[in-house]
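Note that the coordinates shown come from a computational prediction; the quantities given were computed from them, not determined experimentally. Lettering follows sequence order; numbering is per chain, from 1.
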Amino acid sequence: MHKFRTHTCGELRKENVGQTVRLSGWVNTIRDHGGVLFIDLRDHYGITQIVISPDKAFYKNIEHWRVETVLCFTGDVVARDASAVNPKLITGGIELVAETMEVLGESEVIPFQVNKEEECSEALRLKYRFLDLRRKSLHDNIVLRSKVISRIRQLMTEQGFLEYQTPILTSSSPEGARDYLVPSRIHPGKFYALPQAPQQFKQLLMVSGFDRYFQIAPCFRDEDARADRSPGEFYQLDMELSFATQDDVFAVNEKLMSTIFKEFSTKKVDGTPFIRIPYREAMEKYGSDKPDLRNPLIMQDASDIFRTCGFKAFAGVVEKGGVVKTIAVKGCAGQPRKFFDDMVAFAQSVGAKGLGYISWVDGEAKGPIAKFLSADELMKLKSLGGAGDGDTMFFIADTLKGAQSIGGAVRTELGLRLDLLEKDVFRFCWIVDFPMFELDDEGKVAFSHNPFSMPQGGMDALLTKDPLDILAYQYDIVCNGTELSSGAVRNHSPETMIKAFEIAGYGKEVVESKFPALYRAFKYGAPPHAGIAPGVDRMVMLLADEPNIREVIAFPMNQKAEDLLMGAPGEVELKQLRELHIKLNLPKKQEKDAE
RNA sequence: GGGGGCGUAGCUCAAUGGUUAGAGUGCCAGCCUGUCACGCUGGAUGUUGCGGGUUCGAGUCCCGUCGCUCCCGCCA
């Protein structure tokens with residue numbers, strides 16, 4: 001007989017009755033009836049009830065019968081009486097009558113309960129992550145993640161992709177997020193950087209002739225956390241295709257996303273191809289480049305109606321080049337006054353000076369700004385928003401950028417508060433035609449996204465068009481308001497690359513010095529190529545229906561990028577620092593603390 | 001770096017500025033042969049995050065600070 005087990009705790013059935021078996025696992029629950037002791041023994045696979053008679057010799061081998069102690073039982077499988085069958089357990093038709101027991105790993109009293117999903121502070125959960133990971137929901141999430149990744153590899157391979165590894169210790173990249181740096185022992189004063197993404201390597205693989213690349217790639221960015229952004233590291237399904245157009249990338253990813261989301265969820269999934277929304281349209285209609293299409297509300301432009309109206313606050317904004325955006329909401333007029341006050345307060349909290357609204361009740365326009373508008377203006381608004389009795393239109397007057405961002409936030413908030421979001425569905429869309437350049441804070445032309453993207457129209461567009469009018473073959477895939485991925489058709493021509501950088505204010509020497517590998521490679525025969533990199537953690541988060549990305553990561557860091565289980569980041573020996581030629585120059589406050 | 005929320009027993013939470021800070025759960029002891037979140041009886045929990053202040057009196061009000069979290073900035 002195997003030293004630890006002949007079966008798992010999720011395996012035994014009626015057919016096994018009469019067999020002598022051995023099970024090992026954690027004590028999930030204990031029910032002590034004096035004359036008989038029931039233990040639910042749990043492992044990765046399930047739960048099996050163990051029946052223990054106190055007159056057995058092993059009964060005294062353990063001082064405390066505690067949950068989460070690891071035990072090994074040997075005994076006979078017995079059928080339960082019909083009245084004692086537990087339909088909640090897959091093994092509920094049988095039980096194991098223990099003859100012998102071995103204690104494999106005793107547990108102290110645990111800081112929070114494993115066998116129930118009671119909430120507890122995340123700091124405690126992270127410190128005892130190994131206990132948290134035993135709990136069903138988190139355990140299931142990690143299993144789901146494994147299965148999703150496995151299926152992704154299969155689907156990618158089926159579509160002709162090969163998986164390649166790229167370096168973890170590489171050079172710092174000049175664009176993008178802050179890098180994690182690793183000091184070099186051999187080269188005093190020099191540093192490696194952990195890759196923010198294998199971007200340049202995957203492009204180099206295309207230049208190397210590998211045609212279709214993918215990798216479940218760790219990415220490291222030293223940026224602050226969000227609910228959907230784990231600090232430190234995260235995983236991308238990184239992919240790149242040679243001799244491919246934007247449509248080729250879309251086809252691969254639509255197949256992938258629809259398959260994965262259908263297979264690992266019971267929710268409805270959009271059919272392919274997914275709808276495509278130009279960036280400018282997304283900003284106009286949804287006020288966001290990652291719109292949640294489950295939300296039926298859209299923004300419209302009412303600037304022309306307010307331009308000459310009697311409501312000076314709005315007319316003034318339009319006069320100065322601003323806009324008035326409106327969101328029409330069906331059946332909202334019946335909401336109590338507090339609802340509207342709360343919405344105004346919300347709009348102000350996201351930077352609005354105010355939030356106007358008009359409700360139509362019994363054919364009459366009501367609300368704080370209605371009295372400033374003529375019958376004709378009201379009629380035009382009503383027709384614009386398709387509003388009728390019982391409906392409300394909200395108005396935001398601001399600069400174009402301001403109105404879009406505030407309107408986007410108001411749209412989302414209205415959707416949530418009024419429970420307007422379509423249920424049990426994954427709504428996908430592509431956001432396409434991102435601008436190649438935009439004005440930065442100082443009013444200078446800068447790359448708006450990836451400097452390696454191919455401008456639509458190529459060199460010709462760079463030479464002849466206003467930079468701010470040039471679009472890029474740059475795209476995002478968005479699901480339920482979550483940005484899953486960003487990608488682009490790459491600029492693989494050294495001349496076009498130099499021209500693009502020139503427009504952004506960088507000379508040829510910048511391209512040569514900052515991106516030496518790509519620049520050199522592109523001079524020796526580069527294939528046109530395109531790619532994308534969906535976030536694996538976010539995909540699993542959506543599939544697991546979790547609001548927080550840490551619920552799908554086995555060992556996440558907290559918001560301050562600390563690993564409370566391992567104690568990272570931590571101090572190191574002075575000797576290590578000396579070897580790395582590093583002298584600490586700590587902030588004053590910390591020096592005091594150290595003394 | 002900034003803003004919001006939270007911080008009371010191991011855990012989840014309660015407690016008009018007013019008696020000895022409670023409940024559930026967990027823990028400890030006892031009882032119980034069919035439970036499956038077993039049940040019953042009893043018991044121990046505490047620097048109310050920390051430091052000041054106001055007050056006759058502070059878990060409660062004020063100031064500061066620390067911790068966690070959500071958001072803004074940031075995330076090619």
Side-chain angles (χ1 to χ4, degrees), chain A residues 28-42 47-55 63-68 78 80-89 91-92 95 97 108-128 131-132 172-179 195-197 199-200 219-232 234 345-346 349-351 405 409 434 436-438 440-441 446-453 472 474 483 486-488 490 501 504 514-515 533 535 547-548 550 558-560 562 564 589 593:
Chain A
N28 194 59
T29 52
I30 303 158
R31 293 177 295 280
D32 185 353
H33 289 244
V36 62
L37 182 67
F38 297 102
I39 287 193
D40 283 350
L41 198 67
R42 182 194 76 237
I47 288 177
T48 301
Q49 175 164 281
I50 314 290
V51 185
I52 296 165
S53 169
D55 52 23
E63 199 182 339
H64 294 283
W65 292 93
R66 281 209 182 105
V67 288
E68 299 313 313
V78 171
R80 298 200 197 186
D81 283 349
S83 61
V85 166
N86 183 354
K88 287 190 219 159
L89 294 181
T91 62
E95 58 197 6
V97 177
E108 296 183 6
V109 174
I110 50 178
F112 55 83
Q113 294 310 298
V114 168
N115 59 21
K116 50 185 88 161
E117 296 288 335
E118 186 179 60
E119 294 218 1
C120 80
S121 93
E122 196 155 5
L124 199 67
R125 291 177 55 200
L126 291 173
K127 183 174 172 188
Y128 295 93
L131 291 179
D132 198 16
S172 177
S173 65
E175 299 276 334
R178 272 186 293 272
D179 284 317
Q196 295 184 20
Q199 181 66 37
Q200 296 190 60
C219 302
F220 305 90
R221 295 178 193 173
D222 185 2
E223 294 298 334
D224 289 335
R226 288 289 183 279
D228 64 352
R229 204 166 79 204
S230 188
F234 61 96
F346 171 82
S349 79
V350 293
S405 116
F434 279 83
M436 184 80 193
F437 302 100
E438 63 187 1
D440 65 14
D441 297 336
F447 288 112
S448 64
H449 280 81
N450 187 329
F452 308 121
S453 298
Q474 163 93 37
E483 182 191 315
S486 236
R490 319 297 173 186
F501 273 79
K514 299 287 189 189
F515 308 101
N548 190 302
R550 294 185 296 276
N558 67 5
Q559 192 161 38
K560 285 200 173 153
E562 296 166 317
L564 297 177
K589 202 176 155 196
D593 290 348

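Nucleotides B:U20 and B:C36 place their P atoms 42 Å apart, quoted to the nearest Å. The separation of B:G52 from B:C75, taken at their P atoms, amounts to 43 Å, rounded to a whole angstrom. B:G2 and B:A21: their P atoms are spaced 38 Å apart (whole Å). For B:G7 and B:U65, the C1' atoms lie 14 Å apart once the distance is rounded to whole Å. With C1' as the reference atom, B:G34 and B:C6 are 45 Å apart, rounded to whole Å. Nucleotides B:C27 and B:C38 place their P atoms 11 Å apart, quoted to the nearest Å. Comparing the C1' positions of B:G64 and B:G42 gives an interatomic distance of 45 Å, to the nearest angstrom. Distance noted for atom C1' between B:U16 and B:U60: 10 Å (whole Å).
Across all strands shown, B:C61 forms a Watson-Crick or G-U wobble pair with B:G53, both key distances being under 3.5 Å. Under the Watson-Crick or G-U wobble criterion, with both distances below 3.5 Å, B:A29 is paired with B:U41. In this entry B:C36 has no Watson-Crick or G-U wobble partner, no candidate having both defining distances under 3.5 Å. Of the nucleotides present, B:C11 is the one that pairs with B:G24 by Watson-Crick or G-U wobble criteria, both distances under 3.5 Å.
In this structure, A:T29 reaches the B:C38 phosphate: one of its side-chain N or O atoms is under 4.0 Å from OP1 or OP2. At B:C11, none of the side-chain N or O atoms of A:K116 fall inside 4.0 Å of OP1 or OP2 (strictly under the cut-off). Contact check, A:K88 against B:C36: no side-chain N or O comes under 4.0 Å of OP1 or OP2. When the side-chain nitrogen and oxygen atoms of A:R31 are compared with OP1 and OP2 of B:C38, one or more of them lie within a distance under 4.0 Å. Between B:G73 and A:R178, no contact under 4.0 Å exists linking OP1 or OP2 to a side-chain N or O. When the side-chain nitrogen and oxygen atoms of A:N28 are compared with OP1 and OP2 of B:C36, none of them lie within a distance under 4.0 Å.
Comparing B:C28, B:C74, B:C38 by their nearest atom to the side chain of A:R226 picks out B:C74. Here the side chain of A:P111 is nearest to one of B:G10, B:C75, B:G67, namely B:G10. Distances were taken from every side-chain heavy atom of A:H64 (C-beta onward) to each of B:C36, B:G34, B:A29; the shortest belongs to B:A29. For A:H33, the listed nucleotide lying nearest its side chain is B:G34; candidates were B:G34, B:C27, B:U12.
Side chain A:R229 to base B:C75: a donor-acceptor pair is found below 3.5 Å. Checked by distance alone, A:R80 brings a side-chain donor or acceptor within 3.5 Å of a matching partner on the base of B:C36. With hydrogens and angles left out, the side chain of A:Q559 and the base of B:G67 share no donor-acceptor pair within 3.5 Å. Interface remark: the A:D224 side chain does form a donor-acceptor pair with the B:G73 base, using a distance-only criterion of under 3.5 Å. Put simply, the side chain of A:Q49 and the base of B:U35 share a donor and an acceptor less than 3.5 Å apart.
Each of A:C120 and A:V51 was assigned the nucleotide of RNA chain B with the nearest heavy atom; the assignment lying further toward the 5' end belongs to A:C120. Comparing A:V36 and A:E119 against RNA chain B, the residue whose closest nucleotide sits nearer the 5' end is A:E119.
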A:R229 vs A:E223, salt bridge (charged side-chain N to carboxylate O under 4.0 Å, His left out): CA-CA, chis, key distance, verdict: CA-CA 9 Å; A:R229 204 166 79 204; A:E223 294 298 334; 5.5 Å; no
Test log, rule side-chain hydrogen bond (donor to acceptor under 3.5 Å, both in side chains), inputs A:S53 and A:D55: CA-CA 5 Å; A:S53 169; A:D55 52 23; 2.5 Å; yes
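Summarising the local packing, CD of A:E117 is surrounded by more than 12 heavy atoms from other residues, nucleotides or ligands at distances under 6.0 Å.
Rounded to an integer number of Å, the gap from NZ of A:K560 to P of B:G2 is 12 Å. Atoms CD1 (A:I50) and P (B:G34) sit 19 Å apart, rounded to a whole Å. One interatomic measurement links the two molecules: CG of A:N548 to P of B:U69, which rounds to 9 Å at whole-angstrom precision. Between A:D440 atom CG and B:G73 atom P there is a gap of 17 Å when expressed in whole angstrom units. One atom, CG of A:L124, and another, C1' of B:U25, lie 15 Å apart when rounded to the nearest Å. Rounded to whole Å, atom C1' of B:G34 lies 14 Å from atom CD1 of A:I52. B:C75 atom P lies 12 Å from atom CG of A:D179, rounded to whole Å. For the pair A:I30 CD1 and B:G34 P, the computed distance is 18 Å after rounding to whole Å.
A:D81 comes within contact range of no nucleotide atom at all, as no heavy-atom separation falls under 4.0 Å. Using a 4.0 Å heavy-atom distance criterion, A:F447 is classed as making no nucleic acid contact. Contacts of A:R550 with the nucleic acid, taken as non-hydrogen atoms under 4.0 Å apart, involve only primed sugar atoms and P, OP1 or OP2. Counting non-hydrogen atoms under 4.0 angstrom, A:E108 reaches nothing in the nucleic acid. Residue A:D222 is out of contact with every strand shown, counting any heavy-atom pair closer than 4.0 Å. Using a 4.0 Å heavy-atom criterion, one finds that A:A84 contacts the bases of the nucleic acid, with or without backbone contacts as well. Counting any heavy atom pair closer than 4.0 Å across all strands shown, A:N86 reaches a base atom. Residue A:L37 is out of contact with every strand shown, counting any heavy-atom pair closer than 4.0 Å. Counting non-hydrogen atoms under 4.0 angstrom, A:Q196 reaches nothing in the nucleic acid.
Taking every heavy atom of both residues into account, A:A227 and A:P547 meet most closely at CB-O, 3.9 Å.
The aromatic ring of A:F38 is stacked on the base of B:U35, with the two ring centres less than 5.5 Å apart and the planes inclined by under 30°.
A heavy-atom distance below 4.5 Å is not found between the side chains of A:V67 and A:V114. With contacts defined as side-chain heavy-atom distances shorter than 4.5 Å, the pair A:Q474/A:S486 qualifies. Between A:F38 and A:I30, the closest side-chain pair of non-hydrogen atoms is not below 4.5 Å.
Checking side-chain atoms of A:R178 against main-chain N and O of A:D222 turns up a donor-acceptor pair under 3.5 Å. With A:R550 contributing its side chain and A:S230 its backbone, the two residues share no donor-acceptor pair below 3.5 Å.
Inspection of the A:T29 and A:N115 side chains reveals no N or O donor paired with an N or O acceptor under 3.5 Å.
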